[in-house]
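Heads up: the structure comes next, in structure tokens.
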Amino acid sequence: MLISLKEALAYGEENNCGIAAINTPTFEMLVAAINVAERFDVPLILAHAEVHDPVNSIENIGSAMVALAKRSSAKLVVHVDHGESIEFIKRGFEVGFNSAMYDGSRLPYEENLAITKEAVKLAKQYDANVEAELGVMPGREDGKDSTTGIGDRALYTDPQLAADFVSRTGVDALACSFGTVHGLYKAEPKLDYDLIVELRKATGVPIVMHGGSGLATEEYRSCISRGVQKINYYTYADKAALEGVKKFLADEPDTYVMAPVTVAAQEAVERDLSELVKCLYNKN
Ligand code: 13P
């Protein structure tokens, strides 16, 4: 069933857990994410990033996301991730998404703020919620380099600006830079836990972690207990899919059809996401 981002985040706060937001650009990832949410009976966010639109358009995979979310027994949010234009976010809402992130983090502050306000206004017409981003996070969901910027505190989110930004835009959650990066870590992550506490207190809204792949259990738990209630996760799940496929092809070199390969990918994602869910929702 569909629930709102606000409801999912409230569940996270009440239960001291981080709600997983999984990018599902392929059907295998989508079905795997829903199966895991149902198996563990936890709310989860299905996300489609603008950068993944060339893989599957939001009208194609997004329609499947909305339809399967509505049909599922799990509580699911369907969310536009890293929308870089109002037009893309609107395409998501038209398909039935009930939540969106506008990412203007690379724009000058006032410009980011102005377009985020537009996103909030648009979302109201669709009864949807909005996340925005302040601060700069290295790397993206397209598998491009994330080496530069690890541990560069000049890129981290400033709590005073964050408070101003949230009160002037009315966003429901704020993605902040406090030490994670998108994609694979090529150096040890350096998380600033005190900054999370400051950001949560200053903004009054749940803090979102982007670049959720590759942290240790204690790192996730420490972030959650300080106010991170949404954890965006993609790279390791998709990496697991590829590894599952490689193993399948090595074990079954005579395979000449594609369907069993997709099953191997889905099962590998389910295994990966099961471990994540156990950790984020305290399900051990
Ligand atoms: P990772 O790909 O590093 O898990 O980050 C995902 C993300 O932040 C999506 O917005």
Side-chain angles (χ1 to χ4, degrees), residues 5 8-9 18-26 29-30 32-33 36 44-53 55-56 58 61-62 65 77-84 88-89 92 97 99-106 130-151 155-157 171 173-191 196 206-217 219-220 223-224 228-243 268-269 272-273 275-277 279-280:
L5 178 70
L9 296 173
I19 306 298
I22 311 298
N23 292 92
T24 58
T26 64
M29 293 189 75
L30 172 58
V36 170
L44 191 136
I45 299 162
L46 304 171
H48 184 67
E50 186 163 353
V51 75
H52 283 149
D53 221 47
V55 177
N56 270 309
I58 200 160
I61 194 72
M65 289 163 74
V77 181
V78 188
H79 175 82
V80 175
D81 187 31
H82 289 285
E84 291 171 29
F88 187 74
I89 290 174
F97 281 45
S99 177
M101 175 206 194
Y102 169 67
D103 180 1
S105 58
R106 278 159 206 275
V130 174
E131 169 192 340
E133 178 166 339
L134 203 59
V136 175
M137 284 212 36
R140 295 305 291 265
E141 290 68 36
D142 53 3
K144 301 259 168 70
D145 191 65
S146 63
T147 40
T148 48
I150 290 185
L155 305 178
Y156 289 10
T157 309
V171 291
L174 188 67
C176 292
S177 175
F178 51 86
T180 55
V181 302
H182 288 115
L184 293 178
Y185 283 93
K186 305 211 174 110
E188 280 283 298
K190 292 194 187 80
L191 304 179
I196 299 173
I207 302 303
V208 179
M209 175 198 287
H210 281 248
S213 287
L215 300 184
T217 300
E219 290 176 318
Y220 289 118
C223 291
I224 291 165
V228 170
Q229 246 68 63
K230 174 173 181 278
I231 296 186
N232 284 25
Y233 185 90
Y234 160 67
T235 301
Y236 273 35
D238 212 4
K239 183 169 169 284
L242 184 60
E243 281 161 8
V269 175
D272 183 77
L273 292 184
E275 292 312 307
L276 180 79
V277 160
C279 168
L280 299 190

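Whatever order the structure lists them in is the order used to number ligands and atoms, beginning at 1. Numbers here simply count residues along the sequence, with the first being 1. The model shown is predicted, which means the values in this text are computed figures rather than measured ones.
Close N/O approach between Tyr236 and ligand 1 is not found [any backbone or side-chain N/O within under 3.5 Å]. Residue His182 has at least one nitrogen or oxygen atom sitting less than 3.5 Å from a nitrogen or oxygen atom of ligand 1, judged on distance alone.
Heavy atoms from both the backbone and the side chain of Tyr234 come within less than 4.0 Å of ligand 1.
Listed by number with element, the atoms of ligand 1 under 4.0 angstrom from any heavy atom of Thr235 are 1 (P), 2 (O), 3 (O), 4 (O). Listed by atom number, the atoms of ligand 1 under 4.0 Å from His210 heavy atoms are 8 (O), 10 (O). Taking every non-hydrogen atom of Asp81 and a distance limit under 4.0 Å, the qualifying atoms of ligand 1 come out as 9 (C), 10 (O). Those atoms of ligand 1 with a heavy atom of His82 less than 4.0 angstrom away are 10 (O). The contact set between ligand 1 and Asn23, taken as ligand atoms under 4.0 Å from a residue heavy atom, comprises 9 (C).
In this structure, Val181 is part of the shell of residues with a heavy atom less than 4.0 angstrom from ligand 1.
At distances below 3.5 Å, at least one donor-acceptor pair connects side-chain atoms of Ser213 with backbone N or O atoms of Thr235. Distance alone, capped at 3.5 Å, places no donor-acceptor pair between the Ser177 side chain and the Gly135 backbone. Remark: the backbone N or O of Gly212 is paired with a side-chain donor or acceptor of Tyr220 at under 3.5 angstrom.
Partners of Asp53 according to the salt bridge (Lys or Arg N to Asp or Glu O under 4.0 Å) rule, which considers only residues two or more places apart in sequence or in another chain, are Arg91. Listed by chain and number, the residues in a side-chain contact (heavy atoms from CB on, under 4.5 Å) with Glu50 are Glu84, Ser85, Phe88 (sequence neighbours excluded).
Once rounded to the nearest 0.5 Å, the distance linking NE2 of His210 with NZ of Lys230 reads 4.5 Å. Taken from CG in Leu30 to CG in Asn23, the straight-line distance is 11.5 Å, to the nearest 0.5 Å.
Of the listed residues (Gly214, Gly183, Ala237, Ser213), the one carrying the non-hydrogen atom nearest atom 4 (O) of ligand 1 is Ser213.
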